[in-house]
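To start, the structure under review is shown below, and the notes come after it.
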Amino acid sequence: MPILLQNQVIGAISETLEKVNESGQLSIGTIPSPMVEPPKRPEWGDFSCNIAMTLASTVRQSPLKVAEVLATNLLDHFPYLFERIEVAPPGFLNLTLHPLRWIEVLRMIEEQGSSYGRSQIGAGTRVVLEFVSANPTGPLHVGHGRGAALGQAMASLLAASSFEVSREFYINDSGRQLQLLGRSVYARYLELLGMESSFPEDGYHGGYIKTIAESIAKIHGETLLESPLDQAEEKCAQEASQFLLDRIKEDLGIFGVNFETWYSEASLHSRGMVERTLDELRKRDLSKEEDGALWFRASEFGDEKDRVLKKQDGSYTYLAADMAYHRDKLARGFDTLINIWGADHHGYIPRMAATVQAFGYPKDSLRVVLVQMVSLLRGTQKIEMSKRSGEFVTLREVVDEVGADAAKFFFLMRRSDTQLDFDLELAKQQSSDNPVYYVQYAHARISSMFRVAQERQVSLPKIADVNPSLLIHDEELGLIKTLAQYPFVLEGSALALEPHRVTFYLQDLAAQLHAYYNKHRVLPPLDSTLTIDDKTQEGALETIEKEVGSENEPVNDILTPAVTAARLALLRQVQTVLRNGLTLLGITSPEKM
RNA sequence: GCGCCCGUAGCUCAGUUGGAUAGAGCAUCGGCCUUCUAAGCCGGUGGUCGCAGGUUCGAUUCCUGCCGGGCGCGCCA
């Protein structure tokens, strides 16, 4: 099992700490685990480490002195790893690897392919990820789309980090909203039959209600009129919500978002789980009767007040069902519950945090990710949406217009807790202004080069057949270092539940690829008398190192077949990482654009 | 009033959980296609990281208080 270069460096530092501790050069006591990161500036080396500064006070020596000791020991013990180590004030350790070591990164990517970037950090932790959970009272709108894209990406991210993830959609198929849906549909149904009807004040006004009423009229004719009002409305509610749920599933399917479990709120009631939940609370003395209602003592777990579970009229609150639902998630053996919610639900978090604690689980077994609103723009023109009037842009419409790839990328471009401006025109645009095309183009561009290579009978080499000393340009080492960071980006992204980091990473990698493409040729030009040179590799190297040429012109590299081979091999790994990242986000990697 | 989130270039936003001289994209100005996809590249302009304290070797990052913006504070879901 190969070890990531960065972890080799950390290992080397750890070992060195132990050695200098044993030898008495520094009396450290318990050895801390060092951190290493790629520094901002290239002159600070490949990795920088701040361990000397954090250690300074415990070993009672100046940070610079500590750094010096570590630097000399590291160089002594790991000469094959480090080319040089510099100590920079106030105590940074700036480590530079032997340039030839970087080929290991490429070898690892080639070996691991689509699993490059996976980590064990989740250690099999069982996670249930609940997202979208839209009421089946209308079609999905763009806001749901953001939640859907986010949840799907997060699920992939967690799965790639060895979490055991189950995606779940909670269906609010009982209660007042559903009743309202039934009444709205029934009212439209009556209208269709030319009868007097009173449309509910706060009912659903969207045009889809009429469509549903029409299909109900088609199936049932006038038979609903024979039933009592509440039964007829109930019937409408059932059929409408089933229809809408099917539509939601269809929309999500088209968008490439899937769930292991569709969890019905109504089933909680029918299975008596709400009642059992209240029993348990009673047993734990976490509920109370007051003012003719039953309350959950949420304030005992940090919520600002107690919450009603069962109303005066004997019906359950939404919270009661939700507590039963979360209790069931825990009972099913999940270690961590992750909920993706609209930001307007943030006031609900303390209640749910209290819930998991009430059932004896640690507070942090619940993690809530809040998603802020999406504003749709057409250029600079904002598209007004109003749920009240039923005029909102559906996810389906957006996907139809800009495509699933662009929609997902845009949804994942920002941190979820900041408001998102989604410009439909930009998402459709085929230029470098449009980040999704920019990244996909990098992938397609590499494919294109491979196609040309094949046409010219240039074969794609294995990393093992590549001379690492031919990949020594800044752009090449820069690309490799960026590739080396990918596993750490995934890891951080998974732990923080922030898929947008992957989006930014991909844009960065694509930018480096495009720059490299413009600066360095990979395949020899067709007119091969111009620059192909049959010098030895050493000779070629010297020429490359002395390269001249203005910044914006391609450098006249000496393109020996070996150089072409090395570059093709590098590009192959760049393409793998681009594809891995895009796949993780649920976005396709086109071979041709 | 209380609680949560946010405040970084003209605009939209990153900033690797406390690191060194704070970065992208857009916009704007100027360059680069007879050779691997110009859906691309190179360069210029642009900053009191909302303000004031505190914590320490070190703060855009953590703490406190203000200022400004968004949202939430139902026996609604």
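In what follows, chains carry the letters A, B, and so on, assigned in the order in which the sequence lines appear, proteins first and then strands, with residues in each chain numbered from 1.
- The separation of B/U48 from B/A27, taken at their C1' atoms, amounts to 24 Å, rounded to a whole angstrom.
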**Request:** Take nucleotides 8-18 of chain B nucleotide by nucleotide from the 5' end and write B, S or -, depending on whether a protein heavy atom sits under 4.0 Å from the base, only from the sugar-phosphate, or from neither.
**Result:** ----SSSS-B-
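- For A/R445, a side-chain nitrogen or oxygen approaches OP1 or OP2 of B/A38 to under 4.0 Å.
- Of the candidates A/V574, A/V439, A/V489, A/V574 is the only one forming a side chain to side chain contact (heavy atoms under 4.5 Å, CB included) with A/L509.
- In this entry the base of B/U34 is anti relative to its sugar, with a glycosidic angle more than 90° from 0.
- Spacing between atom CD of A/Q575 and atom C1' of B/U37 amounts to 14 Å, rounded to whole angstrom units.
- Across B/C75 and B/G19, the matching P atoms stand 44 Å from one another, rounded to whole Å.
- Nucleotide B/U37 holds its C1' atom 15 Å from the CD atom of A/Q440, rounded to whole Å.
- With centres under 5.5 Å and a plane angle under 30° as the test, the ring of A/F92 is not stacked against the base of B/G19.
- Residue A/L570 forms a side chain to side chain contact (heavy atoms under 4.5 Å, CB included) with just one option from A/L513, A/I446, A/L479, and that option is A/L479.
- Toward the 5' end of RNA chain B, the nearer of the two residues A/M53 and A/Y441, judged by each one's closest nucleotide, is A/M53.
- Using atom P as the reference point in both B/G15 and B/C6, the two lie 11 Å apart (nearest Å).
- One atom, CH2 of A/W44, and another, C1' of B/U21, lie 6 Å apart when rounded to the nearest Å.
- Summarising the geometry, the separation between CZ on A/F409 and P on B/G25 is reported as 14 Å, rounded to the nearest angstrom.
- Within 6.0 Å of the CD atom in A/Q419, the count of heavy atoms belonging to other residues, nucleotides or ligands exceeds 12.
- For B/C4, the base adopts the anti conformation, since its glycosidic angle falls more than 90 degrees from zero.
- With a 4.5 Å cut-off on side-chain heavy atoms, A/Q6 and A/Q485 count as touching.
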**Item:** Audit row: A/H326, A/E130, side-chain contact (heavy atoms from CB on, under 4.5 Å) steps and yes/no
**Value:** CA-CA 11 Å; A/H326 283 79; A/E130 184 208 325; 4.2 Å; yes
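- Between A/D313 and A/K311 there is no salt bridge, since no side-chain N of the basic residue sits under 4.0 Å from a carboxylate O of the acidic one.
- To the nearest whole angstrom, the two C1' atoms, one in B/G47 and one in B/C13, are 15 Å apart.
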**Fill in**
Symbol by symbol from the 5' end, with Watson-Crick or G-U pairs under 3.5 Å, [ ] crossing and | another strand, RNA chain B is (((((((..((((.....[...)))).(((((.......))))).....(((((..]....))))))))))))....
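- A donor atom on one side chain and an acceptor atom on the other are found under 3.5 Å apart for A/E275 and A/Y316.
- Within the model, atoms OG of A/S589 and NE2 of A/H443 stand 4.5 Å from one another, a figure rounded to the nearest 0.5 Å.
- The aromatic rings of A/H520 and A/H473 sit tilted relative to each other, their planes meeting at an angle between 30° and 60°.
- Using modelled atom types, one finds no donor on one side chain facing an acceptor on the other under 3.5 Å when comparing A/S493 with A/E498.
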**Request:** Let me have a per-nucleotide readout for nucleotides 44-50 of chain B, 5' to 3', with B, S or -, counting only protein heavy atoms under 4.0 Å.
**Result:** -------
**Message:** Output one letter per nucleotide in nucleotides 71-77 of chain B: B when a protein non-hydrogen atom lies under 4.0 Å from the base, S when only the sugar-phosphate is that close, - when neither is.
**Reply:** BSSSBSB
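- Separating the C1' atom of B/U60 from that of B/G18 is a span of 11 Å, rounded to the nearest Å.
- A straight line from OH of A/Y517 to P of B/C36 spans 6 Å, rounded to a whole angstrom.
- Going from the P atom of B/C51 to that of B/A9 covers 11 Å, rounded to whole Å.
- Remark: A/D423 does not engage A/R378 in a salt bridge, criterion side-chain N to carboxylate O under 4.0 Å.
- Residues A/L370 and A/S416 form no side-chain contact, since every pair of their non-hydrogen atoms from C-beta on lies 4.5 Å or further apart.
- No hydrogens or angles considered: a donor-acceptor pair under 3.5 Å links the side chains of A/Y516 and A/E476.
- In this structure the side chain of A/L571 reaches within 4.5 angstrom of the side chain of A/F450, judged on heavy atoms.
- Contacts between residues 55-71 of chain A and RNA chain B, defined by a heavy-atom separation below 4.0 Å, involve no residue at all.
- OP1 or OP2 of B/C41 lies within a sub-4.0 Å distance of a side-chain N or O belonging to A/Y438.
- No engagement by A/D303 is indicated, since no non-hydrogen atom pair under 4.0 Å with the nucleic acid exists.
- Atom CG in A/L513 sits about 12 Å away from atom C1' in B/U37, given to the nearest Å.
- Counting non-hydrogen atoms under 4.0 angstrom, A/A453 reaches nothing in the nucleic acid.
- Of the C1' atoms belonging to B/C71 and B/A14, the separation is 24 Å, rounded to the nearest Å.
- Among B/C41, B/C36, B/C57, the nucleotide with an atom closest to any side-chain atom of A/L523 is B/C36.
- Atom CE in A/M449 sits about 7 Å away from atom P in B/U37, given to the nearest Å.
- The aromatic rings of A/Y170 and A/Y318 sit perpendicular, their planes meeting at an angle over 60°, well past the 30° parallel limit.
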May I have the list of side-chain donor-acceptor pairs in residues 85-96 of chain A shorter than 3.5 Å, sequence neighbours left out?
| residue | atom | partner | partner atom | Å |
| --- | --- | --- | --- | --- |
| A/E86 | OE2 | A/R84 | NE | 3.3 |

**Request:** Just do the side-chain contact (heavy atoms from CB on, under 4.5 Å) check on A/F131 and A/M154 with the steps written out, would you?
**Result:** CA-CA 10 Å; A/F131 59 109; A/M154 211 178 280; over 6 Å; no
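- In A/M593, the CE atom is crowded: over 12 heavy atoms of neighbouring residues, nucleotides or ligands sit closer than 6.0 Å.
- Between A/H144 and A/H141, the angle of the ring planes lies from 30° to 60°, which puts this pair in the tilted group.
- Nucleotides B/U61 and B/A22 have their P atoms positioned 15 Å apart, rounded to a whole Å.
- Both A/A510 and A/V452 lie close to RNA chain B; mapped to their nearest nucleotides by heavy-atom distance, the more 5′-ward contact belongs to A/V452.
- Straight-line distance from the OH atom of A/Y437 to the C1' atom of B/A38: 17 Å, rounded to whole Å.
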